[in-house]
Amino acid sequence: MAMKTVIIIGAGIVGISTAIWLQRAGHSVKIVDRGVAKDRASYGNGGVLASCAVIPVTGPGLLKKVPKMLFDPRQPLFLKWSYLPKLTPWLLRYLSHCNPQDTRRIAAALRSIIGDSLEDHQALANGSAAQKRIRPSDYLFIYNNKDDYHGDAFGWSVRKELGYAWDEFDSNDLTEYDPVFSQELKFATRLGKHGMIDDPGAYLNDLTDHFEQQGGQLITGEVEDIVRIEGKVCGVRIAGETVSADVAVITGGAWSSALTKKLGLHIPLESERGYHLELWEPSIMPRAPVMIAGGKFVVTPMEGRLRLAGVVEFGGLVNARSKKPFDLLRNNIIKAIPGLTWKDETQWMGHRPAPSDSIPVIGEIPGLSGAFVGFGHHHVGLTGGPKTGRLLAQLISANKPNIDMAPYSPARFNPRRV
């Protein structure tokens, strides 16, 4: 295999994973990033290696729920109404997948990317300081009652079809497992063989340090374009200067489409704006990460704090964050864990890259040799980052991955060549 010079655009979990696996394959690698670490979805995610999170938001029945969710401040769906005209073309494509057949197809595609997340992260972080940030754990879904659980029966049936297994807890079982939760929460499922990252920002920093220690170069700057000659990548233009490369990989998350459009790849991509609220020095720590199913938010016990992450808001990349999602998270955690107090709190909003079909975009851009993409993981970017990076490294090294890559192909959106 010939050694290649590769430039990766974006230093989130997908970018750094790709870089490390390419280094291990013998390539020379540089990462270009804007340098604003806290903007990355990889920084602000829920920290759960949620291998079971294969059910897309666009499950059957969503169309009936959307109006109520948008007008009920207790629901975890928000919209910047001024953004609706721009959002509508993407939204119509997105909602067209709210059916059982598409849900099963999307779930199967996600299973291959996130189903072994704990092992994928352990393999990625091996030999680096990031290893200490990975913690094997259970993952619980906590419901108000068993009827609410049965309301999610379709999603759980799809998980069962894909090989997932879980335990069912009644209120006594849940109290015995972890007594911190409200007695009003009377049913739960527990999935084993999951994991969590105790500080996602520090984890990314440790992986980046490891990449540089192994000879990688991190460049801070804005990428203007990918330079190509006769249908082949030859460099990346950064702040007016061209840096030579044999391969360019776009892993810029929700910002990726600005570059892909210049290359003739038109992917219907939106920002699924996510929020987290961190409660520092909490008086109560849950035993394991949990999804509070009624509020659709994750509670993760991290180093020195609880992170509450969730909420979906559509409002684009430019609009300011909203206050109501933070209020909702705060109110919901008080209901879920009575008596919880904390010393301080921090707030974050970030942009999760959302293709209209809920499947990541992974592969080589059609008609342009040496240009690859890896983005579009919605709310499971941390979970699926290491596997995506490994797949991209295999493709760039001309090694055939052991999964069918067709579901993730950039060509699936029938790009218009320009």
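Along the sequence shown, the residues carry numbers beginning at 1.
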Practice item. Report yes or no: is the cationic atom of R321 (NZ for Lys, CZ for Arg) under 6.0 Å from the centre of the six-membered ring of W348, at an angle within 45° of the ring normal? Key: no

Exercise for review: Ignoring hydrogens and angles, tell me if any N or O in the side chain of Y164 forms a donor-acceptor pair with the backbone of W156 under 3.5 Å.
Suggested key: no

Point to revise | Minimal non-hydrogen separation, A125 against L207, with atom names | key: CA-CD2, 4.1 Å

Check your understanding: Counting N and O atoms only, with roles assigned by atom type, does the side chain of E222 sit under 3.5 Å from a partner on the main chain of I238, one being a donor and the other an acceptor?
Key -> no

Point to revise | K132/D198 salt bridge by N-O under 4.0 Å criterion | key: no

Practice item. Give a yes-or-no answer on whether the side chains of T260 and H266 include a donor-acceptor pair shorter than 3.5 Å. Key: no

**Study point:** D167 and R190 ion-paired at < 4.0 Å
**Key:** yes

Practice item. Run the salt-bridge test on K335 and E184 with the 4.0 Å N-O cut-off and return the result as yes or no. Key: no

Exercise for review: State whether a side-chain donor-acceptor pair under 3.5 Å links E168 with Y149.
Suggested key: yes

Exercise for review: Using a 4.5 Å cut-off on heavy atoms from C-beta on, say whether the side chain of L263 contacts that of I250.
Suggested key: yes

Check your understanding: To the nearest 0.5 Å, what is the distance between CZ (R390) and CD1 (I20)?
Key -> 12.0 Å

Review point. Once you round to the nearest 0.5 Å, how far does CG of L395 lie from OG1 of T18?
Key: 10.0 Å

Check your understanding: Is there a donor-acceptor contact under 3.5 Å from the side chain of Q23 to the main chain of F211?
Key -> yes

Practice item. Would you tell me whether S271 and H351 have side-chain atoms, one donor and one acceptor, within less than 3.5 Å of each other? Key: yes

Exercise for review: Any chance you could lay out the side chain to side chain contact (heavy atoms under 4.5 Å, CB included) test for I403 and L391, step after step, and finish with the verdict?
Suggested key: CA-CA 9 Å; I403 66 169; L391 291 169; 3.8 Å; yes

Check your understanding: Okay, side chain of K387, backbone of S112: is any donor-acceptor separation there less than 3.5 Å?
Key -> yes

Review point. Does any donor atom in the side chain of T346 or W280 lie under 3.5 Å from an acceptor atom in the other side chain?
Key: yes

Review point. Counting only N and O atoms by type, is there a donor-acceptor contact under 3.5 Å from the side chain of R305 to the main-chain atoms of D344?
Key: no

Revision key, fill the gap. Residues 292-304 vs side-chain hydrogen bond (donor to acceptor under 3.5 Å, both in side chains), sequence neighbours excluded, gives R133-E303

**Study point:** I292/N332 under side chain to side chain contact (heavy atoms under 4.5 Å, CB included): CA gap, chis, key distance, verdict
**Key:** CA-CA 9 Å; I292 304 296; N332 282 344; 6.0 Å; no

Practice item. Is it possible for you to check whether R159 lies under 6.0 Å from the centre of the six-membered ring of F141, through NZ or CZ, and within 45° of that ring's axis? Key: yes

Review point. What closest approach, in Å, do F187 and N145 show between heavy atoms, and which atom pair accounts for it?
Key: CB-C, 3.7 Å

Point to revise | Any T175 side-chain heavy atom under 4.5 Å of F181 side chain | key: no

Check your understanding: Do D178 side-chain atoms and R287 backbone N/O form a donor-acceptor pair below 3.5 Å?
Key -> yes

Point to revise | Chi angles and distances behind the side-chain hydrogen bond (donor to acceptor under 3.5 Å, both in side chains) call for Q131, Y203 | key: CA-CA 8 Å; Q131 285 179 294; Y203 180 68; over 6 Å; no

Exercise for review: Measure the OG-CD distance between S322 and E313 for me, rounded to the nearest 0.5 Å.
Suggested key: 3.5 Å

Review point. What's the verdict on side chain to side chain contact (heavy atoms under 4.5 Å, CB included) for L259 and V223, showing C-alpha distance, side-chain angles and the deciding distance?
Key: CA-CA 8 Å; L259 273 178; V223 172; 3.9 Å; yes

Practice item. State, without any angle test, whether D152 and Y143 hold a side-chain donor-acceptor pair at a distance under 3.5 Å. Key: yes

Exercise for review: For the residue pair S171 and Q183, confirm or rule out a side-chain donor-acceptor distance under 3.5 Å.
Suggested key: no

**Study point:** Nearest atoms (heavy-atom pairs only) where L162 meets R111
**Key:** O-NE, 3.5 Å

Exercise for review: For D173 and D170, indicate whether the former's side chain and the latter's backbone hold a donor-acceptor pair under 3.5 Å.
Suggested key: yes

Review point. Can any side-chain N or O of H121 pair as donor or acceptor with the backbone N or O of L382 at less than 3.5 Å?
Key: yes

Practice item. May I have the step-by-step check of side-chain hydrogen bond (donor to acceptor under 3.5 Å, both in side chains) for S397 and H27, ending in yes or no? Key: CA-CA 9 Å; S397 301; H27 300 289; 2.9 Å; yes

Point to revise | Inter-residue atom distance L279.CG - M285.CE, 0.5 Å rounding | key: 9.5 Å

Check your understanding: Closest approach of A309 and G46, non-hydrogen atoms and distance?
Key -> CB-CA, 3.6 Å

Exercise for review: For residues A254 and P353, report the shortest heavy-atom separation together with the two atoms involved.
Suggested key: N-CB, 3.4 Å

Review point. Under the side-chain hydrogen bond (donor to acceptor under 3.5 Å, both in side chains) criterion, do D138 and Y177 qualify, and how do the steps go?
Key: CA-CA 11 Å; D138 294 332; Y177 180 85; 2.6 Å; yes

Review point. Are side-chain heavy atoms of P56 and T103 found at a separation under 4.5 Å?
Key: yes

Exercise for review: Kindly indicate, with the supporting measurements, whether the criterion side-chain hydrogen bond (donor to acceptor under 3.5 Å, both in side chains) is fulfilled by S117 and S51.
Suggested key: CA-CA 6 Å; S117 181; S51 299; 4.7 Å; no

Check your understanding: Say you draw a straight line from CZ of R93 to CZ of F413; how long is it, rounded to the nearest 0.5 Å?
Key -> 6.5 Å

Point to revise | S409 side chain to A406 backbone, donor-acceptor under 3.5 Å | key: no

Revision key, fill the gap. In short, R307 meets P200 closest at the heavy-atom pair NH1-CG, 3.6 Å

**Study point:** From D327 atom CG to Y275 atom OH, the distance as rounded to the nearest 0.5 Å
**Key:** 11.0 Å

Review point. Would one find more than 12 heavy atoms of other residues, nucleotides or ligands at under 6.0 Å from atom NZ of K80?
Key: yes

Exercise for review: Any chance you could lay out the side chain to side chain contact (heavy atoms under 4.5 Å, CB included) test for M349 and R273, step after step, and finish with the verdict?
Suggested key: CA-CA 7 Å; M349 186 276 287; R273 292 153 59 108; 3.7 Å; yes

Exercise for review: Kindly say whether A354 contributes a backbone atom to a donor-acceptor pair with the side chain of W90 at under 3.5 angstrom?
Suggested key: yes

